[in-house]
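Quick notes on the structure that follows.
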Amino acid sequence: MEGVTVVDHPLVQHKLTLLRDKSISTKSFRELLKEIGMLLCYEVTRDLPLTEVQIETPLAHMQSARIAGKKLVFVPVLRAGVTFVDGMLDLVPTARVAHIGLYREPQSFAAVEYFFKAPSDLGERLAVVVSPVLATGNTAVAAIDRLKERGAKDIRMVNMIAAPEGVERVRGLHPDVPIWTAAIDEGLDANAFIVPGLGDAGDRAYGTR
């Protein structure tokens with residue numbers, strides 16, 4: 001699908017299999033969520049522009065590559081997005097972090113916002129929306145809508161797993177927002193959970209069910 005990258009790296013797929021297993025502990029789920037976030041960060045930032053700079057090694061002067069001043073802001077969708085983004089921050093510790101709190105209304109599955117805090121210069125940054133699961137796409141669309149309202153122009157989305165319905169909704173309403181994911185599953189059940197999926201990522205990450 002245009003604008004969608006499925007990251008099939010063996011380490012990502014191996015860790016995702018471990019994460020899906022219902023028998024793993026809350027601690028292991030959080031650790032794997034962070035590790036997969038770090039691995040996916042490599043992919044979502046693969047095309048960042050570089051510039052040549054002059055440095056001095058212990059032996060010689062040389063020209064070497066450095067990221068060309070592209071400012072990043074990671075935007076985790078609360079709750080599970082926070083642990084997911086921790087791995088990304090290990091790789092890009094200078095990135096800013098915006099937070100958006102959204103929950104899914106149980107009957108209509110509509111996204112309801114309860115918190116939003118972001119840097120004032122979103123228009124000057126690459127905004128990476130970080131959400132472990134892309135199911136109906138309602139929450140993702142609401143997050144992207146909110147970022148655009150605040151001036152964001154360059155937005156990407158990264159997930160661990162996605163449903164075809166969610167991918168189609170995000171790409172249909174925001175064709176300028178590319179998506180990176182580790183898997184696109186079969187679809188949604190009657191309660192709008194991804195099948196086979198991994199359950200509720202927030203509950204599994206924080207032991208709340």
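All of these numbers come straight from a predicted model, not from anything done at the bench.
- T181 approaches A183 most closely through the heavy-atom pair OG1-O, 3.1 Å.
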Handout entry: Audit row: T139, S131, side-chain contact (heavy atoms from CB on, under 4.5 Å) steps and yes/no
Key = CA-CA 9 Å; T139 297; S131 181; 5.6 Å; no

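- A cation-pi arrangement is present between R146 and F116, with the terminal nitrogen or guanidinium carbon under 6.0 Å from the aromatic centre and inside a 45° cone about the axis.
- Between the CZ atom in R30 and the CZ atom in R204 there is a gap of 12.5 Å [rounded to 0.5 Å].
- No side-chain heavy atom of L50 sits under 4.5 Å from any side-chain heavy atom of L48.
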Practice task
Please step through side-chain contact (heavy atoms from CB on, under 4.5 Å) for the pair H174 and K148, ending with a clear verdict.
Solution key: CA-CA 10 Å; H174 294 289; K148 288 185 175 181; 2.9 Å; yes

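- Rounding to the nearest 0.5 Å gives a distance of 4.0 Å between CD1 of I194 and CD1 of I161.
- Rounded to the nearest 0.5 angstrom, L78 CG and I100 CD1 are separated by 8.5 Å.
- L134 CG to D185 CG: the interatomic distance, rounded to the nearest 0.5 Å, is 11.0 Å.
- Note: the hydrophobic cluster containing V75 also contains L102 (ILVMFWY, side chain heavy atoms under 4.5 Å, direct or indirect links).
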Practice task
Go through the steps to decide whether Y42 and V7 satisfy the test side-chain contact (heavy atoms from CB on, under 4.5 Å), and finish with yes or no.
Solution key: CA-CA 10 Å; Y42 280 110; V7 180; over 6 Å; no

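- Across all non-hydrogen atoms, the minimal contact from V97 to P76 is CG1-CD, 3.7 Å.
- The salt bridge (Lys or Arg N to Asp or Glu O under 4.0 Å) test applied to R46 returns E43, not counting sequence neighbours.
- Open room surrounds CZ on R96; 12 or fewer heavy atoms of other groups in view lie less than 6.0 Å from it.
- The heavy-atom pair separating A140 from V170 by the smallest distance is CB-CG2, 3.7 Å.
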Exercise for the section: Could you go through the side-chain contact (heavy atoms from CB on, under 4.5 Å) check for L32 and I24 one step at a time? Expected result: CA-CA 10 Å; L32 287 163; I24 69 166; 3.9 Å; yes

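- Put simply, V4 and I36 are part of two different groups of oily side chains (I, L, V, M, F, W, Y) that touch within less than 4.5 Å, one to the next.
- Ion pairing between a basic and an acidic side chain is recognised when a charged N comes within 4.0 Å of a carboxylate O; D203 and R79 show such pairing.
- R20 CZ to F29 CZ: the interatomic distance, rounded to the nearest 0.5 Å, is 10.5 Å.
- Using a 4.5 Å heavy-atom cutoff, the side chains of M88 and V130 are in contact.
- Nearest heavy-atom pair across A143 and V77 is CB-CG2, 4.4 Å.
- No path of Ile, Leu, Val, Met, Phe, Trp and Tyr side chains, each step under 4.5 Å between heavy atoms, connects L40 with M157, placing them in separate hydrophobic clusters.
- Within a 6.0 Å radius of CD1 in I67, no more than 12 heavy atoms belonging to other residues, nucleotides or ligands are found.
- Contacts of D189 classified as salt bridge (Lys or Arg N to Asp or Glu O under 4.0 Å), with partners at least two apart in sequence or in another chain: none.
- In this structure, D154 CG and L147 CG are separated by 11.5 Å, a value rounded to the nearest 0.5 Å.
- Remark: side-chain polar atoms of N191 are not paired, donor with acceptor, to backbone N or O of F193 under 3.5 angstrom.
- Put simply, the side chain of E186 never gets that close to the backbone of G197: no donor and acceptor are under 3.5 Å apart.
- Taking hydrophobic clusters as Ile, Leu, Val, Met, Phe, Trp and Tyr residues chained together by side-chain heavy-atom distances below 4.5 Å, V133 does not share a cluster with V82.
- Here I55 is tied into one hydrophobic group with V53, M62, each link being a pair of ILVMFWY side chains closer than 4.5 Å.
- When every heavy atom of P132 is checked against every heavy atom of A201, the shortest pair comes out as CB-CB, 4.1 Å.
- The closest side-chain heavy-atom distance from P178 to T5 is not below 4.5 Å.
- In summary, E165 and R169 do not engage in a salt bridge, as defined by a charged side-chain N under 4.0 Å from a carboxylate O.
- Transitive grouping of hydrophobic side chains (ILVMFWY, heavy atoms separated by less than 4.5 Å) keeps W180 and V177 in distinct clusters.
- Heavy-atom minimum distance, L91 versus C41: CD1-CB, 3.9 Å.
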